[in-house]
Amino acid sequence: MGTTRMNPYLSFRDNAREAMEFYQSVFGGQLDVSTFGDFQASEDPSEQDNVMHSQLETEGGMVLMGSDTPKSMGDPSGNGYPVAIFGDDDAELRGYFDKLSDGGSVTMPLEQAPWGDSFGMCADKFGVNWMMNISGTGASPQSS
């Protein structure tokens with residue numbers, strides 16, 4: 001049986017390249033970008049440099065994809081769902097949270113949650129919502 005993965009795919013309006021380069025500055029990794037012009041995929045001359053597909057893959061195996069939504073398809077709708085990052089490296093995940101919320105807003109501070117982990121939520125400067133859960137950072141909810 002083959003490997004199947006589920007990855008977030010974000011939709012933007014004319015600023016996917018800027019957003020994906022920002023995420024590369026947050027997470028590191030290799031960013032590959034293809035434009036509508038690269039594939040002659042849009043008749044609209046104003047969309048030739050827009051991103052048809054981009055993929056950021058980090059050394060740790062995280063994958064984030066995104067593209068610009070063509071004007072003919074209406075408003076992008078994918079940003080209403082948060083991207084969740086779960087892990088146990090406190091410094092790494094707090095660093096991501098701080099970088100993602102810079103220029104955006106913290107909707108829930110990253111602090112100890114009732115289940116014992118640290119949890120927080122923010123919206124970045126592109127309007128994408130993020131959830132961060134750092135396991136094993138708080139006291140256990142019940143001690144025996």
Side-chain angles (χ1 to χ4, degrees), residues 1-138 140-141:
M1 196 163 206
T3 301
T4 301
R5 297 187 305 178
M6 183 180 298
N7 299 311
Y9 201 111
L10 305 175
S11 299
F12 299 93
R13 173 69 75 205
D14 301 332
N15 63 350
R17 182 182 302 274
E18 179 186 359
M20 294 301 290
E21 288 173 352
F22 169 70
Y23 300 136
Q24 184 181 31
S25 77
V26 171
F27 301 113
Q30 175 66 39
L31 177 62
D32 295 311
V33 177
S34 300
T35 66
F36 286 100
D38 291 339
F39 292 96
Q40 294 81 44
S42 175
E43 299 291 322
D44 186 338
S46 71
E47 293 183 339
Q48 295 306 301
D49 291 331
N50 283 6
V51 175
M52 186 176 118
H53 176 74
S54 63
Q55 181 167 319
L56 175 64
E57 188 159 359
T58 70
E59 288 184 23
M62 292 191 298
V63 176
L64 181 64
M65 294 179 274
S67 65
D68 286 309
T69 302
K71 293 172 187 70
S72 63
M73 293 179 64
D75 289 330
S77 59
N79 294 345
Y81 301 98
V83 178
I85 300 176
F86 288 67
D88 59 8
D89 187 325
D90 188 77
E92 178 184 40
L93 273 70
R94 285 184 187 279
Y96 293 159
F97 189 84
D98 291 344
K99 290 176 184 176
L100 289 167
S101 59
D102 186 27
S105 62
V106 173
T107 51
M108 179 181 288
L110 183 55
E111 50 194 35
Q112 188 170 351
W115 54 90
D117 295 347
S118 291
F119 179 81
M121 297 188 300
C122 66
D124 68 30
K125 60 187 175 184
F126 299 99
V128 174
N129 294 299
W130 295 84
M131 296 168 53
M132 195 75 55
N133 191 92
I134 308 169
S135 61
T137 55
S140 61

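On a predicted model such as this, the values are computed, not experimentally measured, just so you know. Below, all heavy atoms of this structure are taken into account, side chains as well, without hydrogens, waters or symmetry copies.
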Chemist: To the nearest 0.5 Å, what is the distance between OG on S118 and CG on L93?
Modeler: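 Going from the OG atom of S118 to the CG atom of L93 covers 10.0 Å.
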Chemist: Identify the heavy atoms of T58 and G28 that sit nearest to each other, and give their distance.
Modeler: CG2-O, 3.9 Å
Chemist: Report yes if the side chains of D102 and D124 come closer than 4.5 Å at any heavy-atom pair, otherwise no.
Modeler: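 The answer is no, as the side chains (C-beta and beyond) never meet within the 4.5 Å cut-off.
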Chemist: With heavy-atom distances below 4.5 Å as the criterion, would you say the side chains of I134 and D90 are in contact?
Modeler: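 Counting from C-beta outward, I134 and D90 do come under 4.5 Å.
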Chemist: Taking the side chain as every heavy atom from C-beta outward, state whether F126 and Y23 have any pair of such atoms under 4.5 Å apart.
Modeler: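 Sidechains of Y23 and F126: in contact.
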Chemist: What pair of heavy atoms forms the shortest contact from V63 to P8, and how long is it?
Modeler: O-CD, 3.6 Å
Chemist: May I ask you to test the F12-V51 pair for a side-chain heavy-atom distance under 4.5 Å?
Modeler: no
Chemist: Check whether any side-chain N or O of T107 sits under 3.5 Å from a backbone N or O of M121 as a donor-acceptor pair, and report yes or no.
Modeler: yes
Chemist: Drop me the distance from L56's CG to E21's CD, to the nearest 0.5 angstrom.
Modeler: 10.5 Å
Chemist: Between S101 (side chain only) and S105 (backbone N and O only), is there a donor and an acceptor less than 3.5 Å apart?
Modeler: no
Chemist: Please answer whether the main-chain N or O of E18 pairs with a side-chain N or O of N15 as donor and acceptor at a distance below 3.5 Å.
Modeler: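 Checked: no pair found.
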Chemist: Within this structure, what is the OG1-CE distance for the pair T35 and M52, rounded to the nearest 0.5 Å?
Modeler: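 Output value for this atom pair is 8.5 Å.
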Chemist: Report the distance from atom CD of Q48 to atom CD of Q40, rounding to the nearest 0.5 Å.
Modeler: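 Nearest 0.5 Å value for the CD-CD distance: 8.0 Å.
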Chemist: Any heavy-atom pair between the side chains of N7 and L64 that's under 4.5 Å?
Modeler: no
Chemist: Under 3.5 Å, side chain of Q55 to main-chain N/O of L31, donor-acceptor pair present?
Modeler: no
Chemist: Does any N or O in the side chain of N129 come within less than 3.5 Å of the main-chain N or O of P82, such that one atom is a donor and the other an acceptor?
Modeler: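 Flag not set: sc N129 to bb P82 has no pair under 3.5 Å.
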Chemist: So, S42 versus D44: side-chain donor-acceptor pair below 3.5 Å or not?
Modeler: no
Chemist: Can you find a heavy atom in the side chain of V106 that is under 4.5 Å from one in the side chain of F97?
Modeler: yes
Chemist: Nearest 0.5 Å, please: how far is CE in M132 from CE in M108?
Modeler: 13.5 Å
Chemist: Between E47 and F36 (side chain of the first, backbone of the second, donor and acceptor by atom type, cut-off under 3.5 Å), is there such a pair?
Modeler: no
Chemist: Using a strict cut-off of less than 4.0 Å between a Lys/Arg side-chain nitrogen and an Asp/Glu carboxylate oxygen, indicate whether R17 and D49 qualify as a salt bridge.
Modeler: no
Chemist: Compare every heavy atom of K125 with every heavy atom of F22, then report the nearest pair and how far apart it is.
Modeler: CD1-CE, 3.7 Å
Chemist: Does W130 have its ring centroid less than 6.0 Å away from the ring centroid of F27?
Modeler: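 Ring centres of F27 and W130 closer than 6.0 Å.
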Chemist: Look at R94 together with D98 and state whether they make a salt bridge at an N to O cut-off of under 4.0 Å.
Modeler: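 No, R94 and D98 are not salt-bridged.
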Chemist: Check whether any side-chain heavy atom of Y9 sits under 4.5 Å from a side-chain heavy atom of H53, and report yes or no.
Modeler: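 Answer yes - side chains close enough.
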Chemist: Can you tell me how far CD of E57 sits from CE of M65, rounded to the nearest 0.5 angstrom?
Modeler: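 Interatomic distance, M65 CE to E57 CD, rounded to 0.5 Å: 9.5 Å.
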